[in-house]
Structure formats: C-alpha cells, structure tokens
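Presented below is the structure to which this report refers.
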Amino acid sequence: MTDETLDDPRYEEYREAGDILSTVMNEARERVEVGAKQLDVAEYAEERIRELGGEPAFPVNISVDEEASHATSGADDETEFGEEMVCLDIGVHVDGWIADAAVTVDLSDNPELVAAAEEALDAAVETIAPGVHTGEVGAAIEDAIRDRGYTPILNLSGHGVAQFDAHTDPSVPNRGLDRGVELEVGDVIAVEPFATDGQGKVGEGNDAEIYELAGSGGRSVRNRQARQLLETIEEEYGQLPFALRWLDDQRAKMLLRRLQRQGVVESHPVLKEDAGTLVSQAEHTLIVTEDGCEVPTTGIFS
Ligand code: MN
Ligand code: MN
C-alpha cells in the first residue's frame, strides 16, 4: 500500500468520529463524581454524540473497580459512583467509521495504576509504524505496565475497526508475543491496555446489559414478538452492539433470551478481574501512517 491510501474519504470520517468522541469524553468524565448516577453519565454521553453529528458505535461502557469491560447501566438503574476506579469507554461512528477510546477516572486514589495504563498506551503509540507486528506492540504495552509493578490483563486485546464493525482483525495483544500481524499504512486499530495488581485475567460475570446480532443473520424466527424485536435490532443497530436499555420494550429481556437460545443474538456479560482487584484502562483508535501513526482520539486526554 502507498500513502495514497490515506486520501480515502473514510479517514476524514474516522477523524470526525475521533473529534466528537474527544469532546464527549471530556464532558462525560467531568460528570463522573461520587454520588452522581452512572446512568445519567451514560445517557448524557450517548445523547451528546448524536447532537454532535455521530452515533454511538456501542453503549457507553462504565466499568467500576474490578470490572474491565462490557458494563453499562440498565434502564432505571439508580447506581451511583462511589470512591471507585471508573473506566469510561466510548465508541462513536460517523457513517459507520468508528472511533473507540477509553480513559480511567479515578475516584479511588490510585493514581499509579491509572498511570500504568496511560504509559502503556503512550508506549504503544510510539511503537506503531508500518512493518511493526502486533506482538511488538503488545511487548511495549506489557513492559510499560510491568515497569510500574502491575500486570496487564492478558486475555483482553485491542482490535481493528472497520465500517460498522467495532471489533475486527487484527487482534492487538496486551502482552509481548514473538509473532503477530504486520501493520500496514492505512490500518485502523484500537489499542487498549488494561492494568491491574491482580492475576491479569478477566472472567465473565453473570450480568449482561450489552448484546449484538450473532453471525450474519438471515435466520427465521417464528415467535412474532421476537421476530419484531429482531427486525428493530437489525434496522437500528445492524452488526453493532446495543444496550438492553435502548430497546423500548418491556419484554425485551425475555425476547432477547429467546433470540439468544436460537443463536440469533449473543450477550456480552460484564468482564471482571478474577482476583477482584482494581483495573485501569486507556484506549485510543489510531491510523497507521507512513512514518508512525495518527491518533484521531488524541483529545481524550486534554
Ligand atoms: Mn473501547
Ligand atoms: Mn476497543
């Protein structure tokens, strides 16, 4: 590939998504404080994304303490922030082109753990260039986190993004690997180190508030109500993840369970550090360029 790749109009849309995300992230993080409601922050951010001309690429994730990913508020959820470590992970798309980024808002007074994830992200950004493979990016992440005396979450990874596809190849590990996928000019990847002082491994919790269509669809669903819900999901969200609370249907949870049993929909249970220890996260979406990378979400730390 040549640098001409980067003239493709999609990159302007990635940049626009990144700008919207940066604005929304900075406004949302200001609202994360002890006593504020998690649901209010999630709904504020999702509404602001639309006001600014984007669409949520997935429900705003608010992960607290040992939670690492896939947590979002339920409808009528009254949960308030306490003195916790809060990871705010937001996705925006413009015409399907996705920016995905995360910051940790620390209400728990563990600044070193937050710094570990942020430094790992900086190290990854420094490392990324055409010809570098994803295992080398993982090594930069792992070294930065271990240098601080913490452990990366080894079974969570960064990922590629594509149009209306929030998680695609290549996987970007949070650990050093001898081999990986060689990055090329024009690749767009989300890099997301997580740091903990626990095992460095997450497992699935019992709760799921986030779902998405499984496979490429086309399956017949006999139950009329379930079929109607499926049609709504296909129209509104396509292949992108959505929140249970976004569905304006009292029976949505029961109908989703039915669709899940038929293999039409899958759930994303909350992922938690096995040892129950605090987890911090930092994430950027970046475009691989001729001499390194460009970071459309760079404004999230300003
Ligand atoms: Mn993310
Ligand atoms: Mn991501």
Side-chain angles (χ1 to χ4, degrees), residues 14 17-26 28-29 32 38 41-42 45-46 49 54-64 67-73 85-94 96-105 114 117-118 120-121 124-125 128 134 137-138 141 152-175 181 183 187-196 202 209-212 237 239-243 268-272 279-288 293 295-301:
Y14 277 122
D19 282 346
I20 293 169
L21 200 162
S22 298
T23 300
V24 172
M25 184 69 86
N26 286 316
R29 70 194 303 174
V32 175
Q38 295 181 5
V41 172
E46 289 163 2
I49 290 169
E55 289 289 332
F58 50 80
V60 167
N61 281 216
I62 297 177
S63 304
V64 167
E67 295 172 350
S69 195
H70 297 165
T72 196
S73 306
M85 180 153 289
V86 181
C87 299
L88 202 52
D89 192 333
I90 300 181
V92 173
H93 79 79
V94 172
W97 303 104
I98 295 167
D100 174 6
V103 302
T104 300
V105 185
V114 178
E118 291 179 357
L121 182 57
V125 169
I128 287 166
T134 50
V137 179
I141 289 170
I153 303 276
L154 301 167
N155 62 340
L156 287 177
S157 308
H159 50 90
V161 292
Q163 194 175 31
F164 293 111
D165 191 349
H167 292 96
T168 186
D169 295 337
S171 166
V172 183
N174 286 321
R175 68 196 305 176
V181 177
L183 298 171
D187 286 350
V188 184
I189 53 175
V191 177
E192 48 184 316
F194 296 80
T196 185
V202 291
E209 292 289 342
I210 300 178
Y211 296 81
E212 73 179 273
Y237 314 118
Q239 299 292 320
L240 293 172
F242 59 91
H268 293 292
V270 176
L271 299 174
K272 302 179 184 188
V279 176
S280 65
Q281 179 195 13
E283 180 178 22
H284 274 313
T285 296
L286 42 87
I287 303 168
V288 180
C293 66
V295 187
T297 51
T298 194
I300 61 168
F301 291 108

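Whatever order the structure lists ligands and atoms in, that order sets their numbers, starting from 1.
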Pairing residues for E46 by the side chain to side chain donor-acceptor pair (under 3.5 Å) criterion, not counting sequence neighbours: R245, W246
The Mn ion (ligand 2) reached by H167 (N, O or S, under 2.8 Å): no
Number of protein N, O or S atoms [distance to the Mn ion (ligand 1) under 2.8 Å]: 4
Minimum-distance pair of heavy atoms, taken over all atoms of N61 and H70: OD1-N, 2.9 Å
Any residue meeting side chain to side chain contact (heavy atoms under 4.5 Å, CB included) with H93, in chain and number order, not counting sequence neighbours: E55, A57, I98, F164, L240
Side-chain donor-acceptor pair present, E212, Q239, cut-off under 3.5 Å: no
Partner set under side chain to side chain contact (heavy atoms under 4.5 Å, CB included) for S157, not counting sequence neighbours: S171
Heavy-atom side-chain proximity of I300 to H284 below 4.5 angstrom: yes
